[in-house]
Amino acid sequence: MKFSDKVVYQIYPKSFYDSNGDGLGDIRGIIEKLDYIKSLGVDYIWTTPFYPSPLKDGGYDISDYTAIDPRFGTMEDFNELVKAAAEKGLKIMLDMVLCHTSYQHEWFQRALAGEENYQRYYILRDGRGQGEPPTNWQCAFGGSAWEYVPRLEKWYLHLHDVSQPDLNWTNPKVREELANVVKFWKEKGVAGFRFDVINLISKPEIFEDDTEGLGRKLFADGIHVHEYLSELVKNSGIDGMITVGEMASTDLKNCLLYTRPDSHELSMSFSFHHLKIDYKNGDKWSLMDADISALKKIFEEWQVGMTENNGWNAVFWCNHDQPRAVSRFGDDKKYWKESAKMLAAAIHLMRGTPYIYQGEEIGMTNAKFNSIEQYRDVESLNYYKILREGGKSETEALKIIGERSRDNGRTPMQWSAEKFADFSTVEPWISSPANYKTVNVAAEEKDSDSILNFYKMLVKFRKENKIVQDGDIKFFERENNDVIAYRRTLGDEKLIVICNYRGENVNLTEGNLSEYVADGYKKIFGNYEGLADNLRPFEVVVFHK
Ligand code: NOJ
């Protein structure tokens, strides 16, 4: 099945639209906004989890895989969502969090209560001595990946929060249960799935210290991952449906295996290397300016590498775990509109299936919080503490959290300039940046030159142009540190995309813009009027021949 002409819209339900005035978004809120989603021209809606959960990690800590958390609605609401979406030609993709459960899941509770059968569902190990966990692995949110259970005198593995014990995929019964979960939702009319950190499901056979890092390399893309994934796909009957795997610390070789049609695993993968180009020495909590030449190399490696070997990328800048791209790689003040449009075109004209994250299409910015009390995310709160304990002042710690917090992507969708950005009638669970007064759907629907209308144009352009869907891709201006440029080719047709990632005028090094025109290329769109001699701040130029 081909997904090159499709576009996915991602919803974080908690922050999308609150239909019942409790300050929390919900399923009926999505139903009420289906016309808006339809107006974007997208095909699929991927919604992040709304299953029963203590919400320690935004719902990625599931306590019941086959029910709906009452805070988000009911199963009837969900059924109605699938039906109402289908009536508008939209399909639903659900998030499957199968690497770990919540500690409140019945399986874990029964394991803790001493049922050996359920203890085999998790990864329980002896420590290495008094108070010493089995290995030095660190969890994703800071601190050891092991937690001691005095009653069992064993440690359990949690690669994420302590409330998220990892499942034991070596146990066939666990794999069977999880395949049944996927099947359950498939039978309810869901069109596809996003699999959370699915490349972390296969742990090493021998548990030993990571002498170089925090452990990730030992359990990412583990030895049995491809076998488990193809079994899951087969047993749940989802081969050929739209599926995307979230791949943490992965590599090209494995993503090819995950996504090549002959592997019968997934239809595409998310990788994250391009979103680490502003991590100093690979550390998310050390700030540095984005390294555009590194970004270019990563795009080239993944775009060309996946194309040459029949793999398929999901292409994206934003999601509920990432700061807003316009604040991060653009300029959310002086060149807000220009940079948001440039970043959009850069991704949407690539090879792959584009994902738009709620609010990205209107240029929503980072949260711009100024006190730690405004943050909600477990990772941000943990790291604030770690940074302070490590000697950072409050101002320094808040600056780092301000740029890196996942809450930047979780502030309420900005529907209008009304109170609470029209997301809710009461104080929402997390506050909005003050710019909702101008950055909002209502304002941008009225403005033909808005970021919103630019996104709609890009989605339509992909659907109408085979070259965007299926064309080959080659990068040029490879030595230019300010510009990322690529050429798409399909038969005799050519499409050139030139992006300036700097807030100033920059020059091309392999021939200036007028030379493309002299060569028969026509500018078909961009984010500035006409053509200048050089590229203007955050300019994108799209040429066609
Ligand atoms: C990735 C999800 O996107 C993120 O929000 C979550 O915290 C982790 N996986 C753990 O489930």
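Given the structure is predicted, the values throughout are model-derived calculations rather than measurements. In each ligand, atom 1 is the first atom listed, and ligand 1 is the first ligand listed. Sequence positions, counted from 1, serve as the residue numbers for this chain.
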Polar contact flag, side-chain donor to acceptor under 3.5 angstrom, Glu360-Tyr455: yes

With no hydrogens and no angle check, just 3.5 Å: does a side-chain donor-acceptor pair link His105 and Tyr122? no

Review item, side-chain donor-acceptor pairs of residues 199-208, under 3.5 Å, at least two apart:
unit_1 : atom_1 : unit_2 : atom_2 : d
Asn199 : OD1    : Ala248 : N      : 2.8
Asn199 : ND2    : Asp221 : OD1    : 3.2
Asn199 : ND2    : Ala248 : O      : 2.6
Ser202 : OG     : His224 : N      : 2.9
Lys203 : NZ     : Asp166 : OD2    : 2.9
Lys203 : NZ     : Leu200 : O      : 2.7
Glu205 : OE2    : His224 : NE2    : 3.2

For ligand 1, run through the N/O pairs with the protein that fall under 3.5 Å and put one pair on each line.
unit_1   : atom_1 : unit_2 : atom_2 : d
ligand 1 : 3 (O)  : Arg194 : NH2    : 3.1
ligand 1 : 3 (O)  : His320 : NE2    : 2.7
ligand 1 : 3 (O)  : Asp321 : OD2    : 2.4
ligand 1 : 5 (O)  : His320 : NE2    : 3.1
ligand 1 : 5 (O)  : Asp321 : OD1    : 2.7
ligand 1 : 5 (O)  : Asp321 : OD2    : 3.4
ligand 1 : 5 (O)  : Arg406 : NH1    : 3.4
ligand 1 : 7 (O)  : Asp57  : OD1    : 3.2
ligand 1 : 7 (O)  : Asp57  : OD2    : 2.5
ligand 1 : 7 (O)  : Arg406 : NH1    : 2.9
ligand 1 : 9 (N)  : Asp196 : OD1    : 2.8
ligand 1 : 9 (N)  : Asp196 : OD2    : 3.2
ligand 1 : 11 (O) : His100 : NE2    : 3.0
ligand 1 : 11 (O) : Asp196 : OD2    : 2.7

With Tyr375, which residues qualify under side chain to side chain donor-acceptor pair (under 3.5 Å), at least two apart? none

Please identify each residue that fulfils side chain to side chain donor-acceptor pair (under 3.5 Å) with Lys253, with sequence neighbours left out. none

State, without any angle test, whether Tyr384 and Ser405 hold a side-chain donor-acceptor pair at a distance under 3.5 Å. no

